[in-house]
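Everything on this sheet refers to the single structure shown next.
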Amino acid sequence: MQPEIPKVYSPEAIEPHWARYWVEQQLYRPSDGAAIPRFSLSLPPPNITGSLHMGHMLEHTEIDIVMRWHRMRGQNVLWLPGMDHASISTQMIVERELGREALPDLDPGPAARRAWQREGQRRRLEMGPEKFVERCWQWKEQNGDTIRRQMERLGASVDWTRARFTMDPAYSRAVIEVFVRLYQEGLIYRGQYIVNWCPRCGTAVSDLEVAHEDRPGHLWYIRYPFEDGSGHIVVATTRPETMLGDTAVAVNPSDNRYRKLIGRKLILPLLKRVIPVIGDEFVDPNFGTGAVKVTPAHDPNDFAIGMRHNLPRITVIDFEAHMTAEAGPYAGLSREQAREAALRDLEAAGLVEKTEDYQLSVSICERCKTIVEPLLSMQWFLKMQPLATPAIRAVEDGRIRIIPESSNKVYLDWMYRIHDWCISRQLWWGHRIPAWYCGACGEVVVAREAPSACPKCQGSSLRQDPDVLDTWFSSGLWPFAALGWPDQTEDLRRFYPNDLMIMGYDILFFWAARMIVLGLKFTGDVPFRELYIHALVRDADRQKMSKTKGNVIDPIEITEKYGTDAVRFALASSAAPGTDIAFSDDKVQSYRAFANKIWNAGRFVLMNLGSLPEPALRHLGTALEPIPELGFDAVLHSEPASEALRLADRWIFSRLADVTLEMNEALAAYRFHEAAHTIYHFFWHEICDWYLEWVKPEITRPSEEPRVSPAWINLARVFESALHLLHPFMPFITEELWHQLPHTGEARSISLTRFALASPRAVDPVSEKQFETIRELVVAARNLKAEMGLQKEKPSAQVGSDDLRILELFRAHQETVLRLAGLEALNFVRGRLPADAAPVPLASGCDLRLFYERTVDPAAERARLERDLAKIQQQLDQIERQLSNGSFRSRAPQEVVAVAERRRTELADQHHRLAESLAKLDGAAEQTAS
RNA sequence: GGGCGAUUAACUCAGCGGUAGAGUGCUACCUUCACACGGUAGAAGUCAGAGGUUCGAAUCCUCUAUCGCCCACCA
């Protein structure tokens, strides 16, 4: 007994140690040789804005499982880590920090957050870009470090020597290179267009960063009088304040009500501007009044109409969502105030025909929830159409496989309808746009490096564009830029394209689509061959985790509470593709129990190992060295062993082979939950419940032999094999236990060993069948004992069968059966047992009875028999119904019919014997009664 | 307005054409020398509803209901 192995597993006692060990030993650098096959993946770089959340942990767990699995199958694995500068998020968080420093006394909460944000923004503008960006860098150093420590703690087997940050000088060079080349090809352009403008963030955002929310609102019907006083047209609008910027009213030219009015002039109410009635196909005659007010500067549709009809664009709302001077008397009001004022004035002028309640979809800034204002502004855009075509083809022809398949359609639908991408942001933290403007002649210079003079007029007053690029522009380069592109580095050559990418469905468009587009454009190859889309982690009530709801689970906290392995396993076993994960403490607890089970199984092995003499240990160490697959069954079968051990060993190795194949298949298809359940069940309910119990006497018997018994060797092999299979899911506990097993030679980590023990050759249906037969007997005996209330006793039992081979099998394993079933003795009878003993009929065709002193309550006995009989009856009915169906026999596969036949025979036999026992019982009762 | 997904034991979820499964919880018994974060045995489900295809459907098809998500330039 080694007292230093505690009974209850404490993850905190070993996990930090191995986490450090893996990093310090640099175990997860791929080898330098040209060893193929390789397997590569670039980590979706977490934003430096925060610490890791459960979504990251799920993602990192899934990736780590795949990486460790491939590594243990002998592949040269690169998992490249990194972090993203997250332009807009970081800027907001750093602003809030500044605000908090200025107003430290506010009670934390939504109101305080808003106040800090406002104050922080003010302070940012005060301090200027240089100082602010410096603050961001400080934040990055601090937070990047936190994230890295968290990843280490969670056991991510990444190669830290290759870590990248999206604003590293080398990475920034790639970003500029891409921008310049796209510009030179005419794919990047600059222009005044309607963009989604967030007045709170003070920047343009892309379509994807705008969320839509249905809110109750109104539809106001407003009269626009004709210039000549001959009546009016009624238009319907949800945003009356924008009418100040109207430059036309549009109707559908095919609309008979309005057709003849096209070309006439209206007087725009409130501002008294004269605007024309125009005809445009866009207008839906069936909506509202069939006449639309056109505001080219404040609505994307109207902008398009304006383009077609050459309408003026009048900006009446500014970048802070206040009314401009163009709004006349409303100038200076907020958009909300302007709406009220305009309605009041229209009402007063009798121009509001009616008001209807109306459910409208408002656009809000994904980040700060402020209502987005479509505004005209000068921005940089990337033309997507020409780039989308190859990106569509790559997925359609299978060069990129998206899993699960349903995501394919989502991706393609979006790609087919793609719009140009606004890539400039009015922010300070990020990649500065490499464009310079000449103060003298207005020339725009896009270049890799700051030009010293204007190439057109030689003027020297060049000013760089103050804006930065959308974060996703730079992260879109991740799979190749992180490997050193634009230089043709060795890493790029060896690890690009990546074999796999794993991400959540929430960033499929933001990121996956852009990586595919840019990867194909700049490397001529796909960025990754497979894309696995994982689910989102929600709380126990399926709510999204969010700080405001207060339901966020911190990965480190829960990891410290239950152990990383338990949390990882809980995530992996819940990760069925397609559905989000409802995550709860309960789940983790049950896998902590699993870890404890593994620990104690290990303790059992190691404790007994401790009692072995030194030479025996060396012998075992040698036996545990990886052996070539071919040698496996030779070793298994050549060792002399008792009949009993050979069956248990053959069975467990057969199951081990099955399980290994199943797990490999599941993991290859990213069915993490399936693989997890398979190993869970195998370890607990086969290895622990049956195999360990079966071989226990052999193992616990003290030995002074220099060579350990075959039982020992096989136990150690099974246990080590199970550790191998578990390792990708539970790296810490398996690493610890593996190191405690005797190994000869250099043993650096279980994660670097190759799993070679499970040969398909070990699959042995005969042994599995024999084992099942014995298990049925043991379970039936235990059951009967419990039924009879004999749990505490050790009764004797009798088995009867016509099948001598089964009796022979039981006799050979008599000792084991007695021990596992808790029986005193077992005797064998050729033929069936008498019905008046009310034996239990087994599916294998045997009868089992117990001998006991106590007189049995006939009513209880009867209840048992009736219950069993009813169960059998039901099953029998079902199968008879099936077999009596002629078309089943003629149409179902032969195999299926044969199985059904066999099953019917078994059931009919059991049914017959139960009925017989019941009849005897009734007969006896009648006799007693008479 | 389009599209996708879910609906299976008290709870959380697997299974997705051939005898209804797991974990948790529940019941009874057991502190037996790996483990009470344990062991043994057990109870528990007309697989949302209605049609259809099939020898056979929880599984495929259609419709309905409820819930959830994504996309969309209907003022």
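Every chain is numbered from 1 and lettered A, B, ... according to where its sequence line falls, protein lines coming before strand lines. Owing to the predicted nature of the structure, the values given are computational and were not obtained by experimental measurement.
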Taking only the side-chain heavy atoms of [X] (C-beta and beyond), determine which of [options] contains the nearest atom.
X      : options             : result
A:A892 : B:C70, B:G18, B:A14 : B:G18
A:N301 : B:C13, B:C73, B:G23 : B:C73
A:K597 : B:G18, B:G38, B:A20 : B:G38
A:A601 : B:U24, B:G18, B:A34 : B:A34
A:D284 : B:C74, B:C37, B:A43 : B:C74
A:H673 : B:C37, B:C69, B:A14 : B:A14

Any base atoms under 4.0 Å from [X], or only sugar-phosphate, or nothing? Heavy atoms, all strands.
X      : value
A:K794 : nothing
A:V283 : base
A:A582 : sugar-phosphate
A:N286 : nothing
A:R592 : base
A:Y411 : nothing
A:H298 : nothing
A:H677 : nothing
A:Q875 : nothing
A:P374 : nothing
A:K293 : nothing
A:R417 : sugar-phosphate
A:T238 : sugar-phosphate
A:E693 : base

Review point. Cut-off 3.5 Å, side chains only: do A:Y591 and A:D565 have a donor facing an acceptor?
Key: no
Point to revise | Charged N-O contact under 4.0 Å between A:E787 and A:R864 | key: no
Review point. Between A:E373 and A:R239, is there a side-chain N and carboxylate O pair less than 4.0 Å apart?
Key: yes
Study note, to complete from the structure: Applying the Watson-Crick and G-U criteria (both distances under 3.5 angstrom) with [ ] for crossing and | for other-strand pairs, one obtains for RNA chain B ((((((((.[[[[.)..(..]]]].(((((.......))))).....[[[[[..)....]]]]])))))))....
Could you check how far [atom1] of [X] sits from [atom2] of [N], rounded to whole Å?
X      : N     : atom1 : atom2 : result
A:E356 : B:A75 : CD    : P     : 13 Å
A:K587 : B:A14 : NZ    : P     : 9 Å
A:R867 : B:G42 : CZ    : P     : 8 Å
A:L536 : B:C70 : CG    : C1'   : 12 Å
A:F604 : B:C35 : CZ    : C1'   : 11 Å
A:L790 : B:A28 : CG    : P     : 19 Å

Does [N] have OP1 or OP2 under 4.0 Å away from a side-chain N or O of [X]?
X      : N     : value
A:R603 : B:C35 : yes
A:N885 : B:G56 : no
A:K785 : B:A28 : no
A:K792 : B:C30 : yes
A:W690 : B:G39 : no

Revision key, fill the gap. Taking for A:D207 and for A:D302 the nucleotide of RNA chain B with the nearest heavy atom, the one nearer the 5' end belongs to A:D207
**Study point:** Position toward the 5' end of RNA chain B (nearest nucleotide), A:H212 or A:Y591
**Key:** A:Y591
Using atom [atom1] of each nucleotide, how far apart are [N] and [M] to the nearest Å?
N     : M     : atom1 : value
B:A6  : B:C47 : C1'   : 14 Å
B:U12 : B:C71 : P     : 27 Å
B:G51 : B:U19 : C1'   : 27 Å

Point to revise | Donor/acceptor link under 3.5 angstrom from A:K696 side chain onto base of B:A34 | key: yes
